[in-house]
There are 2 protein chains.
Amino acid sequence: MSGRRTIQRSAIIEVIYDATGPLRLEEILELASRKVPTLGIATVYRHLKRLQDAGEVRAVELDINDVRYEPTGQDHHHHFLCRACGDAFNIHECPKGIAKLALPGFEVDEHQVTLYGRCSDCSSSK
Amino acid sequence: MSGRRTIQRSAIIEVIYDATGPLRLEEILELASRKVPTLGIATVYRHLKRLQDAGEVRAVELDINDVRYEPTGQDHHHHFLCRACGDAFNIHECPKGIAKLALPGFEVDEHQVTLYGRCSDCSSSK
DNA sequence: ATAGATGCAAAGAGTTTGCATAGGT
DNA sequence: ACCTATGCAAACTCTTTGCATCTAT
């Protein structure tokens, strides 16, 4: 999982790790471009793929056509997607006993919970 | 908002309504093609879009690059995705008080729960 | 000095659209 | 008869890949 320490790679990784929730590819490109203006989109695609293959980053899809990337290594968490501003937030609580919802005979080894609505900023400024 | 009653339209609608869980576009094309062999993929795309715009069908994405379509009008439910065979199943139970997981100030008006694992067929035939 | 990383542009894959024709009303 | 729906192929969009160059080691 080495790879060379290029400024592009560092910029992309920093952006993903500094985020408070999962980011879209365009957001990663936009934010990392501030640090490395020549950054090309193919490089972002390539690093996201490498980071996923290395198990350091995971893709989550909170809505249709809305793939976002977040570091693995975070505590178990879920997501809130604001339908007004489009931002995604991490939720650190988890409903208990959720695996018991499965039908008999079904083995559950993972689950995902996503809440949709308006974030605090958007709900206060209607 | 009706539209003409063509055999293509009927076939597509039947396939979606007869399914026990949300279907992928290719599955809809494949199943509806048995009834209408000349069916073109563009027609499936067009009907899915129309049905969604009319609020009769909804798209759900249970995993990355895995858009599936299901009728609205079903009771509130969630999904189980089998990682072995790729089939999606509806879950009719729902964890209570899930909206309370949101941070203070966040308004929740919808939620989605997805379980991942092995369905009963796949877990018994390991 | 060498081999991996980058950026560009071309190639793929998936989805949408334009258009002539078929078919529902 | 009219006018929408269909199927094909072209156009788009998003993602991946090839290649010459650059750069970290």
Side-chain angles (χ1 to χ4, degrees), chain A residues 1-17 22-71 81 86 88, chain B residues 1-17 22-71 81 86 88:
Chain A
M1 65 148 259
S2 40
R4 291 183 177 171
R5 295 208 211 96
T6 64
I7 51 172
Q8 289 88 344
R9 178 178 163 89
S10 309
I12 290 166
I13 289 176
E14 273 174 35
V15 162
I16 296 172
Y17 280 80
L23 297 178
R24 277 187 274 254
L25 184 128
E26 317 90 69
E27 295 174 310
I28 295 169
L29 176 61
E30 149 77 22
L31 293 168
S33 290
R34 294 185 192 162
K35 308 180 183 191
V36 189
T38 64
L39 182 62
I41 195 170
T43 299
V44 179
Y45 275 110
R46 277 189 279 235
H47 277 294
L48 284 173
K49 188 160 201 325
R50 284 180 58 133
L51 290 164
Q52 287 177 84
D53 290 347
E56 295 169 32
V57 163
R58 161 179 48 227
V60 293
E61 190 141 23
L62 304 185
D63 201 2
I64 303 299
N65 293 329
D66 182 54
V67 182
R68 292 165 193 248
Y69 302 88
E70 66 178 9
L81 179 63
Chain B
M1 62 153 262
S2 39
R4 292 182 175 169
R5 296 209 209 96
T6 64
I7 51 172
Q8 289 87 347
R9 178 179 163 90
S10 309
I12 291 166
I13 289 176
E14 272 173 36
V15 162
I16 297 172
Y17 280 80
L23 297 179
R24 277 188 274 255
L25 184 128
E26 317 91 70
E27 297 174 307
I28 296 169
L29 175 61
E30 150 77 22
L31 293 169
S33 291
R34 294 185 193 162
K35 308 180 184 192
V36 188
T38 63
L39 182 62
I41 195 170
T43 298
V44 180
Y45 275 111
R46 277 189 279 236
H47 277 295
L48 286 173
K49 188 160 201 323
R50 285 180 58 130
L51 290 165
Q52 287 178 85
D53 290 347
E56 294 170 32
V57 163
R58 161 179 46 229
V60 293
E61 190 140 22
L62 304 184
D63 201 2
I64 302 298
N65 294 331
D66 182 55
V67 182
R68 292 165 193 249
Y69 302 88
E70 66 179 9
L81 179 64

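Just so we're on the same page: letters track the sequence lines, and every chain starts at 1.
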Item checked: pair L48(B)-I16(B): side-chain heavy atoms closer than 4.5 Å -> yes
Notebook entry, point to check: How about R50(B) and E56(B): do any of their side-chain heavy atoms sit closer than 4.5 Å?
Noted result: no
Which one, [options], comes nearest to the side chain of [X]?
X	options	value
T6(B)	dT6(D), dA9(C), dG7(D)	dT6(D)
Y45(A)	dT15(C), dG7(D), dC14(D)	dC14(D)
R46(B)	dG7(C), dG24(C), dT6(D)	dT6(D)

Whole-Å distance between [N] [atom2] and [X] [atom1]?
X	N	atom1	atom2	value
N65(A)	dC12(D)	CG	P	20 Å
K49(B)	dT15(C)	NZ	P	14 Å
L51(A)	dA5(C)	CG	P	12 Å
L29(B)	dC8(D)	CG	P	11 Å
H47(B)	dT15(C)	NE2	C1'	16 Å
E26(B)	dA13(C)	CD	P	14 Å
D53(A)	dT16(D)	CG	P	11 Å
Y69(B)	dG14(C)	OH	C1'	11 Å

Next item on the list: Take I7(B) and A42(A), find for each the nucleotide of DNA chain D with the closest heavy atom, and name the residue whose nucleotide sits nearer the 5' end.
Entry: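 Closer to the 5' end of DNA chain D: I7(B).
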Item checked: No-H, no-angle donor-acceptor pair, R4(B) side chain to dT4(D) base, under 3.5 Å -> yes
Item checked: Distance-only donor-acceptor test, R5(B) side-chain atoms vs dG24(C) base atoms, 3.5 Å ->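 In this structure, the two groups form no donor-acceptor pair.
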Does any N or O in the side chain of [X] come within less than 3.5 Å of the main-chain N or O of [Y], such that one atom is a donor and the other an acceptor?
X	Y	answer
S33(A)	L29(A)	yes
E61(A)	D66(A)	yes
E14(B)	A11(B)	no

Given [N], is OP1 or OP2 found less than 4.0 Å from the side-chain N or O atoms of [X]?
X	N	value
Q8(A)	dG7(C)	yes
R9(B)	dT6(D)	no
T43(B)	dG7(D)	yes

Note to self: Using a 4.0 Å heavy-atom cut-off, does L25(A) contact any base of the nucleic acid, only the sugar-phosphate backbone, or nothing at all?
What the structure shows: nothing
Next item on the list: Have a look at I41(B) and say if it touches a base, only the backbone sugar-phosphate, or nothing, with a 4.0 Å heavy-atom cut-off.
Entry: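 Nothing, no heavy atom under 4.0 Å.
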